[in-house]
Q: 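So that we are looking at the same thing, I have put the structure below in structure tokens.
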Amino acid sequence: MIRVRFAPSPTGYLHIGSVRTALFNYLFARRQGGKFILRIEDTDRERSNEAFLEEILENLKWMGLEWDEGPGAGGDYGPYFQMERLKIYREHAQKLLDEDKAYYCYCTPEELAAERELANLEKRSPGYSGKCMHITEEQQAQYDREGRDPSIRFKVPASGEVVIDDLIRGKVSFDNCLLEDFIIMKSSGIPVYNFAAVIDDSLMHISHVIRGEEHLSNTPRQLLLYRALGYPPPEFAHLPIILDEQRRKLSKRRGGVDLRDFRMDGYLPEAIFNFLALLGWSPGEDLELMERDDVIGRFTLDAVSKSPSVFDDKKLEWMNAQYMKKKTPAEIADLSEPFFMYSGYEPERRFLEELSELYCERIKKLSDFPVTAACFFDEHIEYDPDAAIKYFKEPGVTAKRLRDLEDVIAELDDYNKETIEKAVRGLAEKLGVAAAKLIHPARVALTGKATSPGIFEVMELMDKPAVLSRLIQAAEYLEEKNKAKAEQ
RNA sequence: GGCCCGUUGGUCUAGGGGUUUAGGACGCCGCCCUCUCAAGGCGGAGAUCAGGGGUUCAAAUCCCCUACGGGCUACCA
């Protein structure tokens with residue numbers, strides 16, 4: 001039975017790199033007909049908190065990465081919160097202590113830090129000296145009397161090596177002598193990551209540990225622990241990490257790095273799903289746009305690349321636009337409503353749907369929508385400087401044309417895009433100018449911008465009174481400008 | 001510092017000894033469409049396959065070295 005897990009710690013928002021790790025675990029489980037397990041590693045008491053937990057669960061669901069076992073899903077191998085498993089870790093630690101595979105360490109963090117610093121200064125490697133390994137009983141009693149809580153360290157075998165046969169990277173070996181006796185239980189009685197993960201993965205019968213490459217160097221420690229505990233180790237697969245455009249580990253870019261940032265930016269989960277699947281994995285057939293089931297059907301670990309990949313926002317945007325185009329106006333309306341609300345607009349449902357129809361092909365992400373369609377909501381139109389330079393450059397003539405346009409439109413009884421177009425083109429002919437001479441200034445007058453959806457559709461949806469008032473507004477603005485120009 | 005991992009156009013990648021004048025996608029540029037923009041269609045520029053040594057009749061593909069990038073080296077995960 002294939003069993004994989006995603007094990008986030010609730011110490012922050014769900015990072016996009018974590019989402020990719022979760023995704024690959026999910027894809028592998030679904031492809032292999034296995035189980036996808038969610039385990040919460042909440043042993044960092046200082047940084048963990050409930051709000052982050054909720055946020056992580058909610059975001060995983062939003063991505064459609066439903067877990068088969070874990071918080072809210074039950075399962076036979078719980079509890080799925082590490083803080084509820086302390087007894088288990090303590091028993092395992094005791095076992096190692098009894099078998100002389102671990103020992104108490106009474107060094108304080110301060111002492112250890114000082115030692116490390118000294119080692120650094122003397123350019124020695126900063127490993128633990130092992131001085132508590134042979135502590136005398138009376139010394140121990142003394143420390144106990146002082147009320148010093150010991151941590152527990154694992155006794156790393158002095159010689160030998162650990163070989164990992166990574167599913168993505170192949171054989172990787174580490175020499176034991178490079179490893180220090182690392183702590184497995186903190187003095188607080190809470191296990192450290194390497195220890196807890198090994199025990200949980202064993203007890204939860206995890207068959208494949210698929211995680212970020214940053215854990216590769218931790219794996220020898222864990223393998224030693226499996227050995228000491230007598231548990232068979234799982235298979236390992238270390239995923240390449242995701243870099244930002246500076247080729248650094250994805251960190252505080254301007255758009256953010258947490259899933260919530262992308263979500264608030266208006267990216268669709270299916271686009272992120274597709275994009276992330278292609279980050280470090282390839283179906284091998286020049287396929288780009290892939291439905292969820294298609295990705296699942298083709299996913300294999302050996303097609304995962306070894307080299308880190310740079311997160312390309314532009315490609316994500318493009319992919320998002322592709323998925324947006326597949327949506328119906330009704331769907332876009334549903335999805336974009338919160339974004340309008342956030343911008344302070346309260347469009348009526350019907351109207352929003354019509355607006356979606358007009359804009360769905362030209363917005364890349366939902367947060368663009370209220371911004372580009374602002375002219376439908378704001379009474380006062382701000383003219384984009386570039387647009388004004390381009391189409392308002394002859395204020396006198398342009399004002400006149402807009403007045404003419406206003407007249408023609410005001411006379412329209414049957415008001416729809418066909419009649420509007422006919423009227424506008426008719427006026428152009430009458431004036432002996434290209435229709436564009438009316439259309440462009442009108443666009444700036446109505447939207448404030450040099451670009452918009454088809455102008456006749458815009459006019460139709462904006463409705464007659466608003467169109468007229470905007471034409472007047474622009475005409476007045478231009479007349480004012482013309483006067484100022486004449487006075488110069 | 002030590003130990004690990006990686007290196008194909010700006011980016012994601014295909015390709016795993018001869019089929020490659022290195023394929024696709026994003027981005028970029030141009031043309032078409034057109035009331036603008038986007039979308040769409042068509043076309044183009046862009047890679048001495050990190051560098052250097054080998055192995056081989058033949059290397060992007062196998063081996064070694066170097067450089068560069070990244071990760072780990074916590075009583076974080």
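A note on names: the letters A, B, ... follow the listed sequences, proteins ahead of strands, and every chain is numbered from 1.
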Q: Over all strands shown, is A:L279 touching base, sugar-phosphate only, or nothing at heavy-atom distances under 4.0 angstrom?
A: sugar-phosphate

Q: Kindly give the atom pairs (protein nitrogen or oxygen, nucleotide nitrogen or oxygen) under 3.5 Å for nucleotides 16-23 of chain B.
A:
unit_1	atom_1	unit_2	atom_2	d
B:G23	N2	A:D286	OD1	3.2

Q: For B:C42, which nucleotide in any strand shown is its Watson-Crick or wobble partner with both distances under 3.5 Å?
A: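 When the pairing criteria are applied, B:G30 turns out to be the nucleotide that pairs with B:C42.
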
Q: Picking from A:F377, A:Y359, A:F376, what satisfies ring-ring contact (aromatic ring centres under 6.0 Å, His included) with A:F369?
A: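 One option only clears the test, and that one is A:Y359.
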
Q: Take A:Q322 and A:D149, find for each the nucleotide of RNA chain B with the closest heavy atom, and name the residue whose nucleotide sits nearer the 5' end.
A: A:Q322

Q: Taking A:K326 as the fixed residue, which of A:E361, A:E291, A:E270 is the one that meets the salt bridge (charged side-chain N to carboxylate O under 4.0 Å, His left out) rule?
A: A:E291

Q: Using a strict threshold of under 4.0 Å (side-chain N to carboxylate O), is an ion pair present between A:E429 and A:R425?
A: no

Q: Could you tell me whether A:H238 contacts a base, only the sugar-phosphate backbone, or nothing, with contacts defined as non-hydrogen atoms closer than 4.0 Å?
A: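 A:H238: no heavy atom of the nucleic acid under 4.0 Å.
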
Q: Do NZ/NE/NH1/NH2 and the carboxylate oxygens of A:R362 and A:E357 come within less than 4.0 Å?
A: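 Answer for the salt bridge query: no.
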
Q: Classify the nucleic acid contact of A:E285 as base, sugar-phosphate or nothing, counting any heavy atom under 4.0 Å across all strands shown.
A: nothing

Q: Looking only at side chains, do A:Y415 and A:D463 share a donor and an acceptor under 3.5 Å apart?
A: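 Checked: A:Y415/A:D463 side chains show no N/O donor-acceptor pair below 3.5 Å.
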
Q: Check the distance between B:U34's P and A:E361's CD and give it to me in whole angstrom.
A: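 One finds 17 Å between P of B:U34 and CD of A:E361, rounded.
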
Q: Please tell me if A:S305 has a side-chain N or O lying less than 4.0 Å from either OP1 or OP2 of B:G6.
A: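 For A:S305, the contact criterion (side-chain N or O under 4.0 Å from OP1 or OP2 of B:G6) is not met.
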
Q: Regarding A:D44, tell me which of base, sugar-phosphate or nothing describes its non-hydrogen contacts under 4.0 Å with the strands shown.
A: sugar-phosphate

Q: Check every strand shown and say whether A:I455 touches a base, only sugar-phosphate, or nothing at a heavy-atom separation below 4.0 Å.
A: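 Base contact.
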
Q: Taking CH2 from A:W281 and P from B:A14, how many angstroms apart are they, rounded to a whole number?
A: 11 Å

Q: Determine the contact category for A:L112: base if any of its heavy atoms lies under 4.0 Å from a base atom, sugar-phosphate if only primed atoms, P, OP1 or OP2 are that close, otherwise nothing.
A: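 Result for A:L112 = base.
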
Q: Provide, to the nearest angstrom, the distance between the CD1 atom belonging to A:I241 and the C1' atom belonging to B:C72.
A: 11 Å

Q: Just N and O in the side chain of A:S452: are any of them under 4.0 Å from OP1 or OP2 of B:C35?
A: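 Indeed not, no polar side-chain atom of A:S452 lies that close.
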
Q: Searching all strands shown, indicate the nucleotide that pairs with B:U36 (Watson-Crick or G-U wobble; both distances under 3.5 Å).
A: none

Q: For the pair made of CZ in A:F369 and C1' in B:A38, what is the distance, rounded to whole Å?
A: 14 Å

Q: Assign A:F275 to base, sugar-phosphate, or nothing according to its heavy-atom contacts below 4.0 angstrom with the strands shown.
A: nothing

Q: From CZ of A:R298 over to P of B:U13, roughly how many Å is that when rounded to an integer?
A: 18 Å

Q: Mapping A:N218 and A:S307 onto RNA chain B by nearest heavy atom, which one lands closer to the 5' end?
A: A:S307

Q: Once you round it to whole Å, what is the distance between C1' of B:A77 and CZ of A:F195?
A: 16 Å

Q: Rounded to the Å, how far apart are A:L223 CG and B:C3 P?
A: 20 Å

Q: With a 4.5 Å cut-off on side-chain heavy atoms, are A:I16 and A:I272 touching?
A: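 Yes, at least one pair of side-chain atoms sits under 4.5 Å.
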
Q: Salt bridge check, A:D294 against A:R298: does any charged N sit closer than 4.0 Å to a carboxylate O?
A: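 Salt bridge present between A:R298 and A:D294.
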
Q: Are any of A:K186's side-chain N or O atoms less than 4.0 Å away from OP1 or OP2 of B:A77?
A: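 A:K186 to B:A77 OP1/OP2: side-chain N or O found under 4.0 Å.
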
Q: Give a yes/no on whether any side-chain N or O of A:K325 is located under 4.0 angstrom from OP1 or OP2 of B:G40.
A: yes

Q: At 4.0 Å (heavy atoms only), tell me whether A:C105 reaches a base, stays on the sugar-phosphate, or touches nothing.
A: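 It contacts nothing in the nucleic acid.
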
Q: Taking CD from A:E110 and C1' from B:A74, how many angstroms apart are they, rounded to a whole number?
A: 13 Å

Q: Quick one: label A:R169 by what it contacts on the DNA or RNA (base, sugar-phosphate, nothing), any heavy atom closer than 4.0 Å.
A: sugar-phosphate

Q: Over all strands shown, is A:E288 touching base, sugar-phosphate only, or nothing at heavy-atom distances under 4.0 angstrom?
A: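 A:E288: base contact, heavy atoms under 4.0 Å.
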
Q: Is A:S187 side chain donor-acceptor paired with the B:C75 base, going by distance under 3.5 Å alone?
A: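 Result: at least one qualifying N/O pair found.
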
Q: Within the structure shown, what part of the strands sits under 4.0 Å from A:R211 by heavy-atom distance: base, sugar-phosphate, or nothing?
A: nothing

Q: So, is A:R362 close to the B:U36 phosphate, meaning a side-chain N or O under 4.0 Å from OP1 or OP2?
A: no

Q: Let me confirm one number: the CG-OG1 distance from A:L224 to A:T219, rounded to the nearest 0.5 Å.
A: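 So the CG of A:L224 and the OG1 of A:T219 are separated by 11.5 Å.
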
Q: Paired with B:G2: which nucleotide, if any, by Watson-Crick or G-U wobble criteria at under 3.5 Å for both distances?
A: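 With both distances under 3.5 Å, B:G2 matches B:C72.
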
Q: Of A:Y13, A:F311, A:F273, A:F275, which meets ring-ring contact (aromatic ring centres under 6.0 Å, His included) against A:F262?
A: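 Between A:F262 and the candidates, ring-ring contact (aromatic ring centres under 6.0 Å, His included) is satisfied uniquely by A:F311.
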
Q: Look through every strand shown and name the nucleotide pairing with B:A47 as Watson-Crick or G-U wobble, where both distances are under 3.5 Å.
A: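 Check on B:A47: unpaired, no WC or wobble geometry under 3.5 Å.
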
Q: Taking any heavy-atom pair under 4.0 Å as a contact, classify A:T11: base, sugar-phosphate, or nothing.
A: nothing

Q: Which nucleotide wins on minimum distance to the side chain of A:T451, given the candidates B:A25, B:C35, B:C37?
A: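 Looking only at side-chain atoms, A:T451 lies closest to B:C37.
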
Q: With heavy atoms under 4.0 Å as the rule, sort A:P308 into base, sugar-phosphate or nothing.
A: sugar-phosphate

Q: Under a 3.5 Å limit for both distances, which nucleotide forms a Watson-Crick or G-U wobble pair with B:U21, could you say?
A: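 B:U21 is unpaired by these criteria.
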
Q: Can you tell me if A:D144 and A:Y106 form a side-chain donor-acceptor pair at under 3.5 Å?
A: yes

Q: What does A:P453 touch in the nucleic acid at a heavy-atom separation under 4.0 angstrom: a base, only the sugar-phosphate, or nothing?
A: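 Touches a base.
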
